[in-house]
Q: 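First the structure, which I've put down as structure tokens, then a few questions once you've had a look.
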There are 2 protein chains.
Amino acid sequence: MVLLADHDPSDCHSRLIQAATEVFIEEGYRASIERVAVRANVARQTLYNHFPSKADLFGEVIKQATAALLVTLDGKAEGLRERLLRFGIAFRAKALSSEGLGFYRALVAESKRFPELAATFYRTGPAQTAARLRGVLQEAMDRGELRPADSEFATTTLLSMLVGAERSHFLLSGESPPEPDPARVAQLVDCYLRAFASEISHSNPAPQRSVP
Amino acid sequence: MVLLADHDPSDCHSRLIQAATEVFIEEGYRASIERVAVRANVARQTLYNHFPSKADLFGEVIKQATAALLVTLDGKAEGLRERLLRFGIAFRAKALSSEGLGFYRALVAESKRFPELAATFYRTGPAQTAARLRGVLQEAMDRGELRPADSEFATTTLLSMLVGAERSHFLLSGESPPEPDPARVAQLVDCYLRAFASEISHSNPAPQRSVP
DNA sequence: AAAGGATTAGACTGGACAGTCTAGTCTAAC
DNA sequence: GTTAGACTAGACTGTCCAGTCTAATCCTTT
């Protein structure tokens, strides 16, 4: 379980959130409260001692997982390509993992029923990640490593390329999620850099090696 | 309603599928059978005269909408860029419309409960579209208009760029879906062509390889 | 006009499930 | 040992809903 690691198994509250996270990822919000309680080795009443309702429990799960889904972008020392590679690998690992896909499925499924929850998740999760990436790309543009462009567009495009169609593929096709594939990330990042490379300066290399 | 147009409103069967499509798009499979019947101005029993169960009705809705979601790629006469533009505009229009998003939400939400249905949809819908696009891109590569590359990769990348992050944005953020934006498609397609342009291409020079 | 098929309203069944209640158990602190 | 607080098992309520059943009605065809 990637999404929650720091849980004291002797603590009911933690065990409940852990169990609920797993169950909601597997079955979505439709999963019964009973299943969560059983998974946590706890009586149903105990669950209600800790959370006023199923919706609150769901909210708590989303809230805690949101933080765990943020993808780091540090590594100022590295060059742009290396930074994007590390980011891309981490991003894909979370988004295309079995947990990431299940989480996404559950949240999308309930985004009509819990609109404010979904919006909050989006703002504090994906949108945060996008904002940080945008900063990195904007700096690279300022340095002349990337051609000047709308940084919102540049950010969205990279994020789209990294998971876009594949997320849908694994959500719908029934195939089990892919192994992490750093080579594919390299292909994508190089592709991206080729499209966004500065027209003048080629100080930022966009190796063609990884495009077969 | 984009997804179903050719329905005789005097025909119960058609009206039921139409109503079910709308209701499932709005509320997902959780929507009650009663709501579908009311929307179709039909008694609940009549619905069961036409469809043996709710699941069958859902399957029928998916089946019919799948065809409507296919995006055409004809226009052999045009140049590659124009063809991709027209494709991109049509593709985004369907994928990012309110109906397209609702449909996607409903299907993703139930892809665990109806795995074979989701897989069939995927194979005969998105995967079909991807296969056609792949053919177009492969031809362009053969003609030397695009650099030689894995055509699966080239296809996935374009499809990702066209909707990827934005689909998630509109599914989760609660914002209402965007107006069609041909300018954005043009931006994306040009971006894509820059990344996949033939290396000897004149109008879209790819960055040269330099010291890593 | 009669017949047959489709449609209708509404009652009904059975199952699932969120949430409550109760009576009892366990444990740790004093 | 007593007490307080957390936990447990399981019965119970109320709601929602898929799917069935029935008896009446409407429409079309002959």
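Just so it is clear: chains get the letters A, B, ... in the order the sequence lines come, proteins before strands, and each one is counted from 1.
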Q: Counting only side-chain nitrogens and oxygens, does B:His50 get under 4.0 Å of the OP1 or OP2 atom of C:dT7?
A: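 Answer is yes, contact under 4.0 Å.
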
Q: Kindly point out which of D:dG19, D:dC7, C:dT8 is positioned nearest to the side chain of B:Thr46?
A: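 Nearest listed nucleotide: C:dT8.
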
Q: What about A:Glu34, does its side chain sit under 3.5 Å from the base of C:dC17 through a donor-acceptor pair?
A: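 By the distance-only test, no, there is no pair.
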
Q: Under 3.5 Å, side-chain donor or acceptor atoms of residues 124-133 of chain B against the rest of the protein: list the pairs with distances, not counting sequence neighbours.
A:
residue, atom, partner, partner atom, Å
B:Thr124, OG1, B:Thr120, O, 2.9

Q: In whole Å, what is the span from the OH atom of A:Tyr29 to the P atom of C:dC17?
A: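 In whole Å, C:dC17 P and A:Tyr29 OH are 13 Å from each other.
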
Q: Kindly determine whether B:Glu27 and B:Arg35 satisfy side-chain contact (heavy atoms from CB on, under 4.5 Å), including the steps that lead there.
A: CA-CA 10 Å; B:Glu27 307 180 39; B:Arg35 291 185 75 93; 2.6 Å; yes

Q: Does A:Asn41 or B:Tyr48 map to a spot on DNA chain D nearer the 5' end, using the closest nucleotide for each?
A: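 Counting from the 5' end, the first nearest nucleotide belongs to A:Asn41.
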
Q: Take atom CD of A:Gln45 and atom C1' of C:dT25, then tell me their distance rounded to the nearest Å.
A: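 After rounding, the gap between these two atoms is 15 Å.
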
Q: Rounded to the Å, how far apart are A:Phe51 CZ and C:dT20 C1'?
A: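 Rounded to whole Å, this separation is 18 Å.
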
Q: Please work out if B:Ala31 contacts a base, only the sugar-phosphate, or nothing of the nucleic acid, heavy-atom cut-off 4.0 Å.
A: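 The residue B:Ala31 makes sugar-phosphate contact but no base contact.
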
Q: When the distance from NZ of B:Lys54 to P of C:dG15 is rounded to whole Å, what number comes out?
A: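 To the nearest whole Å, that distance equals 18 Å.
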
Q: Rounded to whole Å, please give me the gap between CZ in B:Arg44 and C1' in D:dC17.
A: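 Computing the B:Arg44:CZ to D:dC17:C1' distance gives 9 Å.
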
Q: Can you measure B:Leu57 atom CG to D:dA18 atom P for me and round it to whole angstrom units?
A: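 Rounding to the nearest Å, CG of B:Leu57 and P of D:dA18 are 11 Å apart.
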
Q: In whole Å, I'd like the distance from the CG atom of A:Asn49 to the C1' atom of C:dG19.
A: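 Distance check: A:Asn49 CG to C:dG19 C1' gives 12 Å.
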
Q: Going by the angle between their ring planes, with limits at 30° and 60°, are A:Phe58 and A:Phe24 parallel, tilted or perpendicular?
A: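 Rings of A:Phe58 and A:Phe24: perpendicular, as their planes differ by over 60°.
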
Q: Starting at CZ of A:Arg30 and ending at C1' of C:dA18, how long is that distance when rounded to a whole Å?
A: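 In whole Å, C:dA18 C1' and A:Arg30 CZ are 15 Å from each other.
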
Q: I want to verify a distance call: between C:dA9, D:dA18, D:dA9, whose nearest atom is closest to the A:Ala43 side chain?
A: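 Nearest to the side chain of A:Ala43 among the choices is D:dA9.
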
Q: Please determine if B:Arg39 and B:Glu26 form a salt bridge, counting it only when a charged side-chain N lies under 4.0 Å from a carboxylate O.
A: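 Yes.
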
Q: State whether A:Glu99 and A:Lys94 are salt-bridged, where the test is any N-O pair (Lys NZ or Arg NE/NH1/NH2 against Asp/Glu carboxylate O) under 4.0 Å.
A: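 Salt bridge flag = no for A:Lys94 with A:Glu99.
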
Q: Can you tell me if B:Ser32 touches the phosphate of D:dC17, counting only side-chain N or O atoms and a distance under 4.0 Å to OP1 or OP2?
A: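 Checking B:Ser32 against D:dC17: no side-chain N or O falls below 4.0 Å of OP1 or OP2.
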
